[in-house]
Amino acid sequence: QGQLAESGGGSVQAGGSLRLSCTATFDHFRTYTSPCMAWFRQDSDKREGVAVINTRSGSADYADSVKGRFTISRDTARTTVFLQMDGLKPEDTSKYYCAAMLSCDWSPRLRAEYEYLYWGQGTQVTVSA
């Protein structure tokens, strides 16, 4: 059973920064040929893709709304990804979820939430004006 453990949410004023972390605790996750991990945030009744990274290649993709402000990266063990969020805006307020798929493109693009098999519990990010 795959598991994703998130941390790093919180409250911050507009213009501030937060860093989210997500660790995949799957057995052998890092041995998969081309896995991806992504961050989504809740948007009314659906989840919006924010950023995705191929943990092998390091290639990433971002939603237009966060380009230039958010950065996704992974650690050297390729089991933890980070979402560095700078220049936060009140509209970034949401519950953020980590997701993973075990096989994705070497240069990934954000995909719909149903394509991701594994999900974390979510962490709240609140940005005040």
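Residue indices begin at 1 and follow the sequence shown.
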S.K.: What distance do Cys22 atom SG and Ile72 atom CD1 have between them, rounded to the nearest 0.5 Å?
M.R.: 9.0 Å
S.K.: For the residue pair Ser17 and Asp86, confirm or rule out a side-chain donor-acceptor distance under 3.5 Å.
M.R.: yes
S.K.: Compare every heavy atom of Ala129 with every heavy atom of Ala14, then report the nearest pair and how far apart it is.
M.R.: CB-CA, 4.3 Å
S.K.: Mind listing the closest non-hydrogen atom pair of Ala51 and Leu83 along with its distance?
M.R.: CB-CD1, 4.0 Å
S.K.: Decide whether a cation-pi geometry holds between Arg78 and Phe29; the criteria are a distance under 6.0 Å from NZ or CZ to the six-membered ring centre and an angle within 45° of the ring axis.
M.R.: no
S.K.: Can you check whether Leu20 reaches Val125 side chain to side chain, under 4.5 Å on heavy atoms?
M.R.: yes
S.K.: Looking only at heavy atoms, which two atoms of Glu6 and Tyr96 are closest? And how far apart?
M.R.: OE2-O, 4.0 Å
S.K.: Evaluate the side-chain proximity of Trp106 to Arg56: yes if any heavy-atom separation is below 4.5 Å, no if none is.
M.R.: yes
S.K.: Is the distance between the ring centroids of Trp119 and Phe40 less than 6.0 Å?
M.R.: yes
S.K.: Just verifying a value: how many Å separate Phe70 CZ and Lys67 NZ, rounded to the nearest 0.5 Å?
M.R.: 14.0 Å
S.K.: Can you tell me how far the CD atom of Glu48 sits from the OG atom of Ser65, to the nearest 0.5 Å?
M.R.: 4.5 Å
S.K.: Which residue in the set Glu113, Arg41, Gln42 passes side-chain contact (heavy atoms from CB on, under 4.5 Å) when paired with Tyr97?
M.R.: Gln42
S.K.: Would you mind telling me which of Thr79, Val52, Thr23, Leu4 makes a side-chain contact (heavy atoms from CB on, under 4.5 Å) with Met37?
M.R.: Leu4
S.K.: Flag the pair Lys95 and Asp43 as a salt bridge only when some basic side-chain nitrogen lies within less than 4.0 angstrom of an acidic carboxylate oxygen.
M.R.: no
S.K.: Could you tell me if Ser34 and Asn54 have a donor-acceptor pair between their side chains, going purely by distance under 3.5 Å?
M.R.: yes
S.K.: Does a side-chain heavy-atom distance below 4.5 Å link Leu102 with Tyr116?
M.R.: no
S.K.: Between Asp92 and Lys89, does a salt bridge (charged side-chain N to carboxylate O under 4.0 Å, His left out) hold up when you go through it step by step?
M.R.: CA-CA 5 Å; Asp92 294 317; Lys89 305 175 182 180; over 6 Å; no
S.K.: Work out which heavy atom in Asp61 is nearest to a heavy atom in Leu110; give both atom names and the distance.
M.R.: OD2-N, 3.0 Å
S.K.: Measure the shortest side-chain to side-chain distance between Leu88 and Gln13 over non-hydrogen atoms and say whether it is less than 4.5 angstrom.
M.R.: no
S.K.: Hey, could you give me the CG/OG distance between Asp105 and Ser57, rounded to the nearest 0.5 Å?
M.R.: 9.5 Å
S.K.: Between Arg74 and Thr55, which heavy-atom pair has the shortest distance, and what is it?
M.R.: NE-O, 3.2 Å
S.K.: Looking at every heavy atom in both Glu115 and Met101, which two are closest together, and how far apart are they?
M.R.: O-CE, 3.5 Å
S.K.: Can you confirm if the NZ or CZ of Arg19 lies within 45° of the ring axis of Phe82 and under 6.0 Å from the centre of its six-membered ring?
M.R.: yes
S.K.: Nearest 0.5 angstrom please: Thr126 OG1 to Gln124 CD, how far?
M.R.: 4.0 Å
S.K.: Please check: side-chain N/O of Thr93 versus main-chain N/O of Val127, any donor-acceptor pairing under 3.5 Å?
M.R.: yes
S.K.: Would you compute the distance between atom OG of Ser103 and atom OH of Tyr32 and round it to the nearest 0.5 angstrom?
M.R.: 10.5 Å
